[in-house]
Amino acid sequence: HVTVEPEALRRRAADALEAARRRTTLLTSCVEEPDLTAQHSPLMSPLVWDLAHIGNQEEQWLLRAVAGREAMRPEIDPLYDAFEHPRSERPTLPLLAPRDARGYAAEVRGRALDILDAASFAPDGADRLTRSGFAFGMIAQHEQQHDETMLITHQLRKGGAALTAADPEPPESPFRGPAEVLVPGGPFTMGTTAEPWALDNERPAHARLVPPFHIDTTPVTNAAYMEFLADGGYQDERWWAPEGWAMVREHDLRAPMFWRRDAGRWLRRRFGVTEVVPPEEPVLHVSWYEADAYARWAGRRLPTEEEWEKAARFDPATGRSMRYPWGDADPTPDRANLGQRHLRPAPAGSYPLGESPLGVRQLIGDVWEWTSSDFLPYPGFVAYPYREYSEVFFGPDHKVLRGGSFAVDQVACRGTFRNWDYPIRRQIFAGFRTARDAHPQEVS
Ligand code: AVJ
Ligand code: FE
């Protein structure tokens, strides 16, 4: 556990807030005003709601909770409380217009930076909210999470391309490693106590005994998923959980979201452009039910959340859990596809420098990975700083996703980070990899 000087923490917090705002600005300035106030899908808020909600959360936590300021505009709080109005209702609210929402978020930011300048960052500080800059890190993560949400809204929006980005560099040599690796059985440390900006659901660090298992070296590719399609996977009830089969029948699903069949090929729409589905890329926009069905068809299963984290963090040489598959150093562009640098995942087998000690690739970045696990608290969980971040979502309704997508910023991505969603959701940037139990004769 490294101690960071207060001035370095202050810089880190300011940089994280600034990076988030740069991205928010890009996502809310690349389309015309009608596209900011429109609802592009009943599953999503208008972009202008996310923008003002980002400012409102920052005001509540940095201006009011940290610095004790009065509410700037108390009458708008209920409009931007995610629990008062479901997403489908938000376009009918008297929301701030784009200009006003931008101005509000900017004014909050100016005051937050003044508060940051004056804050005490002692790692052993008495105030838990500002200790190691936690509240500032939490708000930077919150803004980046909404930036990913807004990128999903852009993907759902009809019409031409508004965003562009370079494609990932193709790997220097095609990946020729094994299809799966053996993760040895035994205890490992799951979760974290020491990571200063880890959110409540990642805490505390605790021991887990995990039996030996095999896990895919890379996420499942479009080519592999197309074999499932070609084998009639979406017409065969045998592979599906009952609720998954009901979803397939009700919506007549035939392929991942945004795919369509054309003249014997699969095409997909991606941020306003139609293209042939690239076979070597990790499959994207599948629900948990589709991931679960594919795994059963393949004679395998989804990894549990603890298996995923052990594959991503366990170092067999030391027995220690690392922050990332490659060690404790922060992500760099040669290790993981993060931060909306690209608008797609990189080909399976990319990023050899990001591989885990056991040889698993692309655990961080590219696509969120569905696990078989329900979203549940760790032993010793304490809701902090608000119950509505994690606690109200615990239970069998939500499945855990791990690892982060190309649309996640590194401030909100680490080996312990937990995401969750309903098992029917397909618009999120989610794919998966598969696993299987190790047979006794395979374990040396
Ligand atoms: C952790 C991505 C499920 O977007 O619902 C944003 C993050 N929480 N504002 C979500 C979040 C409050 C959350 N997820
Ligand atoms: Fe939020």
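Start at 1 and go down the list; that is how both ligands and their atoms are numbered. Quick caveat, the model's predicted, so the values are computed rather than measured.
Aromatic ring centres of Y80 and Y104 lie farther apart than the 6.0 Å criterion allows.
Taking the centre and axis of the six-membered ring of Y384, the NZ or CZ atom of R128 falls inside the cone set by 45° and 6.0 Å. In this structure, R402 is not positioned above the aromatic face of F432 in the sense of NZ or CZ being under 6.0 Å from the six-membered ring centre and within 45° of the axis.
Ring orientation note: the planes of F394 and F381 are nearly perpendicular, at an angle over 60° on the 30°/60° scale. Classified by interplanar angle (parallel below 30°, tilted 30° to 60°, perpendicular above 60°), the ring pair W49/H146 is tilted.
Near Y389, the atoms of ligand 1 lying under 4.0 angstrom from a non-hydrogen atom of the residue are 1 (C), 8 (N).
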Test log, rule side chain to side chain donor-acceptor pair (under 3.5 Å), inputs Q155 and R270: CA-CA 6 Å; Q155 168 62 12; R270 182 175 62 85; over 6 Å; no

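For atom 5 (O) of ligand 1, the protein comes within 4.0 Å by no heavy atom at all. Protein heavy atoms are absent from the space less than 4.0 angstrom from atom 10 (C) of ligand 1.
Protein heavy atom in closest approach to atom 7 (C) of ligand 1: Q145 OE1, 3.4 Å. Here the protein heavy atom with the shortest distance to atom 13 (C) of ligand 1 is W420 CZ2, 4.5 Å.
For the residue pair E180 / T217, no side-chain donor-acceptor distance below 3.5 Å is found, with atom types taken as modelled. Checked by atom type, the side-chain pair T24/E143 shows a donor-acceptor distance below 3.5 Å.
Close N/O approach between H146 and ligand 1 is found [any backbone or side-chain N/O within under 3.5 Å].
For a distance threshold of 2.8 Å, the protein N, O or S atoms nearer than that to the Fe ion (ligand 2), listed by chain and number, are H53 NE2, H142 NE2, H146 NE2.
Between Y294 and W239 there is no side-chain heavy-atom pair separated by less than 4.5 Å.
The closest non-hydrogen atom to atom 3 (C) of ligand 1, taken over D50, V408, N419, comes from N419.
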Under 3.5 Å, side-chain donor or acceptor atoms of residues 419-429 against the rest of the protein: list the pairs with distances, not counting sequence neighbours.
| residue | atom | partner | partner atom | Å |
| --- | --- | --- | --- | --- |
| R426 | NE | E290 | OE1 | 3.0 |
| R426 | NH2 | A255 | O | 2.6 |
| R426 | NH2 | E290 | OE2 | 2.7 |

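Under 4.0 Å from ligand 1, the heavy atoms of H142 that appear belong solely to its side chain.
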